[in-house]
Protein chains: 2
Amino acid sequence: MTTPPIRARRILETCIYAEDLEAAREFYTRVLGLEVHAEQKSRHIFFRVGEGMFLVFKPSATRAGMTVPVPLGSHGCTGEGHVAFAAEEDELEIWRARLAELDVKIESEVDWPQGGKSIYFRDPAGNSVELATPRLWGLE
Amino acid sequence: MTTPPIRARRILETCIYAEDLEAAREFYTRVLGLEVHAEQKSRHIFFRVGEGMFLVFKPSATRAGMTVPVPLGSHGCTGEGHVAFAAEEDELEIWRARLAELDVKIESEVDWPQGGKSIYFRDPAGNSVELATPRLWGLE
């Protein structure tokens with residue numbers, strides 16, 4: 001190895017896919033309280049979440065690639081993806097009440113043996129969305 | 001609305017999918033320098049990246065769901081996903097040299113009009129991997 005040691009230290013963009021971007025917009029702003037950073041109605045909607053970005057792409061559009069002006073690599077998944085957002089343990093009761101109020105059905109709840117708790121539900125595209133305490137991963 | 005205001009403020013888990021988990025393990029440890037947190041060879045490999053988790057799932061396994069002991073929601077995508085890791089601007093030259101040294105082909109490089117730079121390449125499963133300066137999103 002001749003280059004200096006280097007490693008990725010932080011995730012900047014987390015992506016999921018949804019054909020119906022309007023439904024995704026509505027869900028992630030209304031249910032999760034996310035803030036739209038940018039959108040291109042036929043291709044993507046980008047949310048800023050803390051120090052990272054949460055990107056929802058329409059796979060039938062992103063599979064075609066894009067030129068900005070150099071070509072960006074195409075991508076685009078089908079099937080149900082997964083994302084988790086951090087929640088403090090004392091916020092979980094509020095989240096449960098909020099999800100109930102908004103008629104978002106909780107799919108499962110896990111009290112992890114190693115510590116930490118998770119609540120799972122679905123976005124309109126069927127992606128598995130989780131609210132979890134960072135303690136689940138030994139994180140604060 | 002009767003519940004107190006609440007919103008997701010941080011992403012905890014970022015996921016991509018790869019049928020060949022061993023190839024993913026090799027790539028993300030060797031090329032990106034990530035640290036394995038846990039793995040289950042037929043199902044997933046989990047990396048810790050800063051204050052978040054990067055989860056690589058084998059979709060043919062996760063689509064079947066899992067019980068821990070309550071059932072976890074199934075998920076699992078096919079196609080090429082996308083993830084970006086943060087890099088400082090002065091690290092990009094080191095990353096370019098490192099990728100060249102490891103024979104990882106750069107697919108494209110973008111100097112964004114709004115500021116910020118990105119380098120794109122592929123993981124062994126074909127997922128689009130990006131190293132980008134947070135400035136691209138107005139983040140530090």
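In what follows, chains carry the letters A, B, and so on, assigned in the order in which the sequence lines appear, proteins first and then strands, with residues in each chain numbered from 1.
Comparing B:Thr62, B:Asn127, B:Ile94, B:Val83 by how many heavy-atom pairs each has under 4.5 Å with chain A, the most go to B:Ile94. Interface check for chain A: of the options B:Val68, B:Leu131, B:Ile11, the most heavy-atom pairs under 4.5 Å are formed by B:Ile11. Ranked by heavy-atom pairs under 4.5 Å with chain A, the first of B:Gly81, B:Pro59, B:Gly52, B:Ala100 is B:Gly81. Between chain B and the residues A:Glu51, A:Glu91, A:Glu35, the most heavy-atom pairs under 4.5 angstrom are made by A:Glu91. Heavy-atom pairs under 4.5 Å with chain A peak, among B:Arg48, B:Arg122, B:Glu80, at B:Glu80. For the set B:Cys15, B:Ala97, B:Gly76, B:Gly33, the entry with the most heavy-atom pairs within less than 4.5 Å of chain A is B:Gly76. Your options are A:Leu55, A:Val70, A:Val49, A:Val110, and the one with the most heavy-atom pairs under 4.5 Å with chain B is A:Val49. Annotation: maximal heavy-atom pairing with chain B below 4.5 Å, among A:Ala84, A:Gly73, A:Gly50, occurs at A:Ala84. In terms of non-hydrogen atom pairs under 4.5 Å with chain B, the most contact-rich of A:Val31, A:Ile6, A:Leu34 is A:Ile6. In terms of heavy-atom pairs under 4.5 Å with chain A, the best-connected choice from B:Ala132, B:Ser108, B:Ala86 is B:Ala86. Interface summary for chain B: among A:Phe47, A:Phe57, A:Trp112, the most heavy-atom pairs under 4.5 angstrom belong to A:Trp112.
Looking at A:Tyr28, neither its backbone nor its side chain comes within 4.5 Å of chain B, counting heavy atoms on both sides. Contacts of A:Ala87 with chain B are absent, with no heavy-atom separation under 4.5 Å from either backbone or side chain. Interface remark: B:Leu72 contributes backbone and side-chain atoms alike to the contact with chain A (heavy atom separation under 4.5 Å). If you measure heavy-atom distances from B:Tyr17 to chain A, the contacts under 4.5 Å come from the side chain alone. Both the backbone and the side chain of A:Ser74 come within contact range of chain B, judged by heavy atoms closer than 4.5 Å. B:Ile16 does not touch chain A: none of its heavy atoms, backbone or side chain, sits under 4.5 Å away. Only the side chain of A:Tyr120 comes within contact range of chain B, with heavy atoms under 4.5 Å apart. Proximity to chain B (any heavy atom under 4.5 Å) is shown, for A:Arg63, by neither the backbone nor the side chain. Heavy-atom distances place the side chain of A:His37, and not its backbone, under 4.5 Å from chain B. Of the two parts of A:Thr133, only the backbone, made up of N, CA, C and O, holds a non-hydrogen atom closer than 4.5 Å to a non-hydrogen atom of chain B. For A:Pro71, the part lying near chain B is the backbone, with the side chain staying farther off; criterion is any non-hydrogen pair under 4.5 Å.
Side-chain contact between B:Leu92 and B:Arg96: present, with at least one pair of heavy atoms (C-beta onward) separated by less than 4.5 Å. Side-chain contact between B:Arg98 and B:Leu102: present, with at least one pair of heavy atoms (C-beta onward) separated by less than 4.5 Å. Taking 4.5 Å as the limit, every side-chain heavy atom of B:Ser118 sits out of range of all side-chain heavy atoms of B:Glu109. Two residues are said to be in side-chain contact when any heavy atoms from C-beta on lie closer than 4.5 Å; B:Phe54 and A:Thr14 fail this criterion. Proximity of A:Arg10 to B:Pro134: side-chain heavy atoms (C-beta onward) are separated by under 4.5 Å at one or more points.
Contact record, A:Val56 with A:Ala18: CG1-CB, 3.8 Å, taken as the closest heavy-atom pair. Residues B:His44 and B:Leu21 approach most closely at N-CD1, 3.3 Å, considering heavy atoms.
Heavy-atom contacts from other residues, nucleotides or ligands closer than 6.0 Å to CZ of B:Arg7 number 12 or fewer. Annotation for A:Arg9: atom CZ does not count as buried by contact number, only 12 or fewer foreign heavy atoms lying within 6.0 Å.
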Please assess A:Glu107 against A:Lys105 for the test salt bridge (charged side-chain N to carboxylate O under 4.0 Å, His left out), listing each intermediate value before the final yes or no.
-> CA-CA 6 Å; A:Glu107 185 176 28; A:Lys105 189 187 164 211; over 6 Å; no

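Taken together through direct or relayed side-chain contacts under 4.5 Å among Ile, Leu, Val, Met, Phe, Trp and Tyr, B:Ile106 and B:Leu136 form parts of separate hydrophobic clusters.
Under the salt bridge (charged side-chain N to carboxylate O under 4.0 Å, His left out) rule, B:Lys117 has a single partner from B:Glu88, B:Glu89, B:Glu93, which is B:Glu89.
Aromatic ring orientation, B:Phe27 versus B:Phe121: tilted (interplanar angle from 30° to 60°).
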